[in-house]
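Residue numbering restarts at 1 for every chain, and letters A, B, ... go by the order of the sequence lines. In this text the structure is predicted, and so the values were computed from the model without any measurement.
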2 protein chains.
Amino acid sequence: MDLSERQLQILQAIITDYVENAEPVGSRSIAKKYDLGVSPATIRNEMSDLEEMGYLTHPHTSAGRVPSDKAYRLYVNDLMKKKNLSAKDKRMINDRLSASRDEFDRTIRHAAELLSEITHLASFAMTPATNEETISFIRLLPVDERTLILMIVSEGGQVTNTTLRLTVPYTQEALDLLSKNMTVSYKGRTLDDVLKGEIIHDVGSDIEALSALRGSVMPSFIRTLEDMLNVNLYMEGMTNIFNLPEYTSIDRARDFMELFARKDWFTQKMLARDDGVVVTIGEENDTMKDCTLITATYHVDGKLVGKIGVIGPTRMKYDEITSIMEYLTNNLSESFRLPGSTGDGNAGDKEQKK
Amino acid sequence: MDLSERQLQILQAIITDYVENAEPVGSRSIAKKYDLGVSPATIRNEMSDLEEMGYLTHPHTSAGRVPSDKAYRLYVNDLMKKKNLSAKDKRMINDRLSASRDEFDRTIRHAAELLSEITHLASFAMTPATNEETISFIRLLPVDERTLILMIVSEGGQVTNTTLRLTVPYTQEALDLLSKNMTVSYKGRTLDDVLKGEIIHDVGSDIEALSALRGSVMPSFIRTLEDMLNVNLYMEGMTNIFNLPEYTSIDRARDFMELFARKDWFTQKMLARDDGVVVTIGEENDTMKDCTLITATYHVDGKLVGKIGVIGPTRMKYDEITSIMEYLTNNLSESFRLPGSTGDGNAGDKEQKK
DNA sequence: ATTAGCACTCTCGTTTGATGAGTGCTAACA
DNA sequence: TGTTAGCACTCATCAAACGAGAGTGCTAAT
């Protein structure tokens, strides 16, 4: 059942060629371009076998062969070699990422922009996954007599806030007190906990003004917590995919766009607790069966985990892209390490494949 | 030079028909569908005149006529009548908007979603324009020994924050002191002022720890201020345009998408200080010469001004869409009025056309 | 001023045929 | 027994040809 050396060579050649040219590849062109020392006829026979085993497909009777998801999987797992980044790409990553090293969100957004620029694919990036994040403190800040800001900060430093407008004025005292009470009640609890559990009802309901304020604030508090789970997803370069031959059909392009607009789907994808570069090809994916999703993890002080990824057709340069993403995430993790610390808590160059 | 009554009727008929069917409209179909009491031949003559005057165009010799930008302009200014919203649309707006009446940003985002759902076009919405907004206070909040949150709040209640990571630890005292000093220095000044003016250098540079902290914080402060100008732009429903016949060509679709991705362009557009519903048709627009942009203004306590808009091909149902937007913005302004106040500071149903 | 009539133009969908790439099979070959 | 040459066959793609239909523009009659 294992593939012969020659079959592997042929498969590799077909993948390389197809990834390059986006057109079904025939036996003759393989024989000419890649020096396998056999005739087209032999290659045809092998291709026929490969097709039977599910590595190749046939768009129609007399077209060349196209690699299947299974072929790409084999390629990613066993065949492909790590690529060295071009000097230009390396420079780009080093320069552009270091420019704003001290700011979290901005850096992540830049990383996504960078990634889509280099790979010419659509990319996205997520600040540290937060459903297990714990709440650090809650603040209510005054704007005017009826308007206030609700601010939630997690231990990891993630911030979310909403502006609320109340129907009745509030007092500064009530605000301070409620801030304090809420912080005491929720500090150290995870977002999941708070969202799934019941609302704590005894948050200082003894004072009247406070209880009224509390009633106005709590619904927003819950909604804002929900926001924390998906608000920090940046998406970039979606128009890149228009340049790919697989999306010249308007229907395909529309499908892609509609999926890309579904932030929640990506958030879902991102919550998986894996490490390193992960490639999910075509059918392995539930939705978007003709796309490949590649994600990579970066680390903050070796602890917290955020993700960055690209999405495109299954036909993509797996070797280059995974190498780029590895380099990029290592670079990110490096930036986010405490200056003093030496521990490399998983920020290294391990790579895990599905 | 004025158009005759009959010419106006014909022009109106052509516009109505073309907006509906997206196909060049011929003399015969006009004569049949709209009861003008004249023969196709007469209509042909009039159409020829209208074309000479620049109200109609000819895709090619033997196709029907298509309205020009000039025709739409005439239609919008003089011909179209206000439309009554369907009960369904009204209900949708009332229901969906009131659900989150107390939260600013969320409401605006919902309004954009709603608008694109009802109009089947791409929409966007902007929270109050802020380059003339004044700073209310600045806070620095601790996360861990090297991480802190920088938060800027404007008088109007707009909030922006960034998480900073410093290379050296800071003290709580320094943080509090710097918060206070910065607030004192910048309170009441407009964003424009601060961004254009020089940085105030004498913010308590007498204490050493403080001055170090200040050095780390100030660059981010400036960048964060810049963020305040354009961060709150929501865009929705861009995939709607794929369903329109003018965007079945992949090139057109790409152009549209690329423009739509340029947030800065929209922000620019939105800063115009106009009121009510404003329609900008085709060439009147500098970029995107084949699109129409309709914006509408909403009010907060009759003072502050935010905008909401749709964008689509010049062929659109101007009467319906402007009516919807008027209704929607009135509704928004209503929600954002102080419960007690009666003054209607411009929140009424005035409408201004270009 | 309006209208009927008619020739003319141009697009669009369909058909047809040629072309070329590529396969699959068979028989010859090393 | 694995490899190769040869050849018939299959499809997709492209271009040319064609007819139908929609619509105009002009002229002459009303």
Practice task
Let me know the distance between CD1 of B/Ile30 and P of D/dT24, rounded to the nearest Å.
Solution key: 10 Å

Problem - Side chain B/Ser62 and base C/dT9 donor-acceptor under 3.5 Å - result: yes

Practice task
Consider the side chain of A/Thr42, meaning its heavy atoms from C-beta on, and name the nucleotide among D/dG25, C/dC10, D/dT4 that approaches it most closely.
Solution key: D/dT4

Practice task
Ignoring backbone atoms, establish whether A/Ser27 has a side-chain N or O less than 4.0 Å from OP1 or OP2 of C/dT23.
Solution key: yes

Handout entry: Donor-acceptor pair (no angle test) under 3.5 Å: B/Arg28 side chain, D/dG23 base
Key = no

Completion exercise
Looking only at D/dT10, D/dG25, C/dT3, the nucleotide nearest the B/His58 side chain is D/dG25

Practice task
To the nearest Å, give me how far apart CG (A/Asn45) and P (D/dG2) are.
Solution key: 11 Å

Practice task
Choose from C/dT9, C/dT3, D/dG25 the nucleotide whose nearest atom is closest to any side-chain atom of B/Ser39.
Solution key: C/dT3

Problem - Backbone N/O of A/Met325 and side chain of A/Thr329: donor-acceptor pair under 3.5 Å - result: yes

Exercise for the section: Can you tell me the distance, in whole Å, between the CG atom of A/Leu36 and the P atom of D/dG2? Expected result: 19 Å

Exercise for the section: Would you mind telling me which residue lines up with the more 5' stretch of DNA chain C, B/Arg6 or B/Arg44, judged by nearest nucleotide? Expected result: B/Arg6

Handout entry: Test log, rule side-chain contact (heavy atoms from CB on, under 4.5 Å), inputs A/Met316 and A/Ile294
Key = CA-CA 11 Å; A/Met316 59 165 78; A/Ile294 304 184; 3.7 Å; yes

Completion exercise
Against the side chain of A/Arg65, the closest entry in D/dT10, C/dC10, C/dG24 is C/dG24

Exercise for the section: Report which part of the nucleic acid B/Ser29 touches: base, sugar-phosphate, or nothing (heavy-atom distance under 4.0 Å, all strands). Expected result: nothing

Exercise for the section: Verify the neighbour count for atom CZ of B/Arg254: are there more than 12 heavy atoms of other residues, nucleotides or ligands below 6.0 Å? Expected result: yes

Problem - Separation of B/Leu259 CG from B/Met238 CE (nearest 0.5 Å) - result: 13.0 Å

Handout entry: Distance in angstrom units between A/Glu51 CD and C/dG22 P, rounded
Key = 15 Å

Exercise for the section: For A/Asp49 and C/dC25, give me the distance from atom CG to atom P, rounded to whole Å. Expected result: 12 Å

